[in-house]
Amino acid sequence: MAKNNRKECIHKRMRTLNLYEKCYDLVKQIPPGMVSTYGLIAEALGDKIAARAVGKMLGENQRSFLRKDVPEEEKVPCHRVVKSDGAIGGFTSEGGVSDKIALLCAEGVKIVDGIVQDFETRVFTDFKTDYPLARIRKEQEMLSREILIADDYKLTDVGIVDVAYYGRKAFCALVVLDAYGEKKGVFRAVCDVMFPYIPTYLAYRELPPIFNVLDIYRPSILIIDGNGILHPRGMGIASHVGVLAEIPAIGAAKSLLTGELRDDKILLDGKHVGYVVEKYFVSPGHRVSIESARELVKRFHTYIREAHREAGRMKSTSDF
DNA sequence: GCGACAG
DNA sequence: ATCTTGTCGC
Ligand SMILES: [Mg+2]
């Protein structure tokens, strides 16, 4: 792996960032008798786009007020988080939303027809936070300046990588082909999930498992399920992996995150950043030109599904 | 009210 | 990508 110390530090910091705990720490700040919203927690994390991810993380909360085996001070009052319009929102437990209503009622918060009464006066907004997602955006913008969009690779082999999930475990598969498209092998790695899926922050979820597999085998060029420079800050996961691991990388996404189409060209702010190839939105990540990214995905795209399958079947294998 | 929203 | 606690804009 790269021994660039600065990049090592960025990588190490990413591996230790646990957004679940950041989220739970924020929710613990909401006092009894008050509520907050998924969107406000997301803003306190640094980006409102994470609202749905906040709901997802709270759905995985293992320290709710219904648990009898968790110390009081460790409990996370996720029942105090509701929707931005005062609607009660969801709740994962035996009793579902009725458990949430009962917990709030016991704290003096009345719910009528699924709406929090006196919502405006009961909303807690005064979070103490260091806005981790804001810091991450800055990091993305900083690293994007190190992207090279020009051919700087050898084609001794090709790696195609994808990640599957089972609860808080990530399963990463790397399918390696020779330059003729012959399958040479599959490498696998697992890792605990510390970061939910948040649009435009995918790299911070999937980089740790991908780096684990690159530690086992490092192909001459990498195709990644996601975007390269086709990203609001020009720093999709393929660029992120490319720059931090100093490896040529291409992004191939199954849907369009941002940008517009003009025939088979993909434009971002009017600038040509990629191509549509088969069913993929292809953009270079690092050390590959836009044209070569297109040609390489044309040649190897059938193996993208193969990597996807390989990651998926790891979930049902007991080896990990 | 429905779709968007990398994975 | 899962196995479902969102928000905004049209
Ligand atoms: Mg994937």
For B:dA4 and C:dT5, measure between their P atoms and round to the nearest Å.
22 Å
G-U wobble or Watson-Crick pairing nucleotide for C:dT5 (cut-off 3.5 Å, both distances):
none
Give a yes/no on whether any side-chain N or O of A:K315 is located under 4.0 angstrom from OP1 or OP2 of C:dT2.
yes
Given C:dT5, B:dC5, C:dA1, the nucleotide with the shortest approach to the side chain of A:F91:
C:dT5
When you measure from the side-chain N and O atoms of A:H308 to the phosphate of C:dA1, is any distance below 4.0 Å, counting only OP1 and OP2?
yes
Going by atom types only, do A:R233 and A:S144 share a side-chain donor-acceptor pair under 3.5 Å?
no
With heavy atoms under 4.0 Å as the rule, sort A:A53 into base, sugar-phosphate or nothing.
nothing
Just N and O in the side chain of A:K56: are any of them under 4.0 Å from OP1 or OP2 of C:dT5?
no
Starting at atom CG of A:L202, determine the distance to atom C1' of B:dC5, rounded to an integer number of angstrom.
13 Å
Tell me whether A:R137 is salt-bridged to A:D47, with the criterion being a basic N under 4.0 Å from an acidic carboxylate O.
yes
Are OP1 or OP2 of B:dG7 and a side-chain N or O of A:S255 less than 4.0 angstrom apart?
yes
Length of the CG-P vector between A:D99 and C:dT5, whole Å
13 Å
Taking CZ from A:R52 and P from C:dC8, how many angstroms apart are they, rounded to a whole number?
13 Å
Within 45° cone and under 6.0 Å: A:R294 NZ/CZ vs A:Y280 ring
no
Mark yes or no: A:R218 above the aromatic ring of A:F187, with NZ or CZ under 6.0 Å from the six-membered ring centre and no more than 45 degrees from the axis.
no
Quick one: A:Y201 OH to B:dC5 P, roughly how many Å, whole number?
16 Å
Atom-pair distance (CD1 on A:I101; P on C:dT5), nearest Å
15 Å
Mind calculating the distance between CG (A:L256) and C1' (B:dG7) to the nearest angstrom?
14 Å
Rounded to whole Å, the CG-C1' distance (A:N227 to B:dG7) equals 10 Å
Below 4.0 angstrom, N of the basic side chain to O of the carboxylate: do A:K48 and A:E43 qualify?
yes
Categorize A:G89 for me: base, sugar-phosphate, or nothing, with a 4.0 angstrom heavy-atom threshold over every strand shown.
nothing
Can a salt bridge be assigned to the pair A:D85 and A:K83 using a cut-off of 4.0 Å between side-chain N and carboxylate O?
no
Look at the side chain of A:Y165 and the base of C:dT2, then say whether one donor and one acceptor between them are separated by less than 3.5 Å.
no
Using a heavy-atom cut-off of 4.0 Å across all strands, would you classify A:T258 as base, sugar-phosphate, or nothing?
nothing
A:D225 side chain, from C-beta outward: closest of C:dT2, B:dG7, C:dT5:
B:dG7
Just call it for A:G39: base, sugar-phosphate, or nothing, with non-hydrogen atoms closer than 4.0 Å on any strand.
sugar-phosphate
Quick one about A:D157 and A:Y217 (side-chain donor to acceptor, distance below 3.5 Å, no hydrogens or angles considered), yes or no?
yes
Between C:dT5 and A:T92, is there an OP1 or OP2 to side-chain N/O distance shorter than 4.0 Å?
yes
Looking across every strand, which nucleic acid part, if any, lies under 4.0 Å from A:H79 by heavy atom: base, sugar-phosphate, or nothing?
nothing
Mind checking if A:D162 touches a base, just sugar-phosphate, or nothing, with heavy atoms under 4.0 Å?
sugar-phosphate
Gap in Å between the two P atoms, one belonging to B:dG3 and one to C:dT4, rounded:
22 Å
What integer distance in Å separates A:I304:CD1 from B:dG7:C1'?
14 Å
Please tell me which of the listed nucleotides, B:dG7, C:dT7, C:dT2, lies nearest to the side chain of A:K48?
C:dT7
So, is A:S84 near the phosphate of C:dC8, with a side-chain N or O under 4.0 Å from OP1 or OP2?
yes
